[in-house]
Amino acid sequence: MKVLELPLNRHCPIAHSLEVLGLKWNLLILREASFGRTRYAEFLKIGVPTDVLIMRLASLVEAGLLERRPYREPGKRTREEYILTDAGRDALPILAAFTSWGNVHAPTSREPAVLFVDEATGQPVTLAFTDADGTAVNPEHVRIIHGPGAVQPED
């Protein structure tokens, strides 16, 4: 049975997001695209096998996170590059959350390899939970609950 066919997952945005973003190569490709990389050869540098990269790029295009665009360098054949769509750019907070968690719970021996900064000032930015008025909420006080569209688990 497919995961999304199960009643608890059918309407769950986390389960549906994982269908697209739950594969490591997809997140690493989105990281590289967020750095401004667009070319197949640039994505290969993350270590993804060629056949897997072809499938992952196709799935990200199909899911609407990347868009294929033709380009041609002088004297070369036409190729395709992969550009972030609005949906792809909307994944930036997900990458920031992984980065924040990784910097604390899975640090490398080096300084952070990825930073998120304000484009205008260059100052570091962080993710935060905020209430409806924009006031920061301590993560210790945030709970996940079932929304009105959720199927309630049976005890």
Exercise. When rounded to the nearest 0.5 angstrom, what distance separates CH2 in Trp25 from CZ in Phe43?
Worked result: 13.0 Å
Exercise. Would you say the side chain of Val48 lies within less than 4.5 Å of the side chain of Leu28, judging by non-hydrogen atoms?
Worked result: no
Exercise. Which heavy atom of Leu95 sits nearest a heavy atom of Ser34, and at what distance?
Worked result: CD1-OG, 3.7 Å
Exercise. Can you check whether Arg10's main-chain N or O pairs, donor with acceptor, with His16's side chain at less than 3.5 Å?
Worked result: yes
Exercise. Is any side-chain N of the basic residue among Arg37 and Glu32 closer than 4.0 Å to the acidic one's carboxylate O?
Worked result: yes
For this session: Treat each ILVMFWY residue as a node, draw an edge where side-chain heavy atoms are under 4.5 Å apart, and state whether Tyr40 and Val52 are in one component.
Result: yes
Problem set entry | Derivation of the side chain to side chain contact (heavy atoms under 4.5 Å, CB included) call for Lys2 and Asn9 | CA-CA 10 Å; Lys2 290 191 166 226; Asn9 299 333; over 6 Å; no
Problem set entry | N-O pairing of Glu67 and Arg69 below 4.0 Å | yes
Problem set entry | Within one Ile-Leu-Val-Met-Phe-Trp-Tyr cluster: Val125 and Leu115, side-chain cutoff 4.5 Å | no
Exercise. Would you call Glu73 and Arg39 a salt bridge, taking side-chain N to carboxylate O under 4.0 Å as the test?
Worked result: yes
Exercise. Is a side-chain N or O of Asn26 found less than 3.5 angstrom from the main chain of Val20, in a donor-acceptor match?
Worked result: yes
For this session: Could you tell me whether the side chain of Leu57 reaches within less than 4.5 Å of the side chain of Leu66, counting heavy atoms only?
Result: yes
Exercise. Nearest 0.5 Å, what's the CG-CD1 distance between Leu27 and Ile46?
Worked result: 10.0 Å
Exercise. For Ala58, does its backbone N or O pair with a side-chain atom of Glu62 as donor and acceptor, under 3.5 Å?
Worked result: no
Exercise. Is atom OH of Tyr71 surrounded by more than 12 heavy atoms (other residues, nucleotides or ligands) closer than 6.0 Å?
Worked result: yes
Problem set entry | Short side-chain to backbone donor-acceptor contact, Ser100 and Ala96, under 3.5 Å | no
Exercise. Roughly how far, to the nearest 0.5 Å, is CG of Leu30 from CG of Leu92?
Worked result: 10.0 Å
For this session: Walk me through it: do Leu65 and Asp90 pass the test side chain to side chain contact (heavy atoms under 4.5 Å, CB included)?
Result: CA-CA 9 Å; Leu65 281 82; Asp90 285 348; over 6 Å; no
Problem set entry | Side-chain donor-acceptor pair present, Ser59, Arg56, cut-off under 3.5 Å | yes
For this session: Taking all non-hydrogen atoms of both residues into account, name the closest pair between Gly64 and Ala87 and its distance.
Result: O-CB, 3.5 Å
Problem set entry | Heavy-atom donor-acceptor pair, Arg68 side chain to Val61 backbone, under 3.5 Å | no
Exercise. Can you tell me if Arg143 uses its side chain to pair, donor with acceptor, with the backbone of Glu140 under 3.5 Å?
Worked result: yes
Seminar exercise, completed: Between the CG atom in Leu4 and the NE2 atom in His11, the distance rounded to the nearest 0.5 Å is 11.0 Å
For this session: Consider only side-chain heavy atoms of I, L, V, M, F, W and Y, link residues closer than 4.5 Å, and tell whether Leu44 and Phe35 are in one cluster.
Result: yes
Exercise. In Å, rounded to the nearest 0.5 Å, how long is the span from CG of Leu21 to CD1 of Ile94?
Worked result: 5.0 Å
Exercise. Counting N and O atoms only, with roles assigned by atom type, does the side chain of Asp131 sit under 3.5 Å from a partner on the main chain of Asp133, one being a donor and the other an acceptor?
Worked result: yes
For this session: May I ask you to test the Ile14-Ile144 pair for a side-chain heavy-atom distance under 4.5 Å?
Result: yes
For this session: Please test Val114 against Asn103 for side chain to side chain contact (heavy atoms under 4.5 Å, CB included), starting from the C-alpha separation and ending with a verdict.
Result: CA-CA 9 Å; Val114 175; Asn103 284 339; over 6 Å; no
Problem set entry | Thr135 side chain near Thr130 side chain, heavy-atom distance below 4.5 Å | no
Exercise. Within a radius of less than 6.0 Å around CZ of Phe116, do more than 12 heavy atoms belonging to other residues, nucleotides or ligands occur?
Worked result: yes
Exercise. Would Phe129 and Val142 count as a side chain to side chain contact (heavy atoms under 4.5 Å, CB included) if you check the C-alpha gap in whole Å, the side-chain angles of each, and the deciding distance to 0.1 Å?
Worked result: CA-CA 8 Å; Phe129 287 104; Val142 175; 3.8 Å; yes
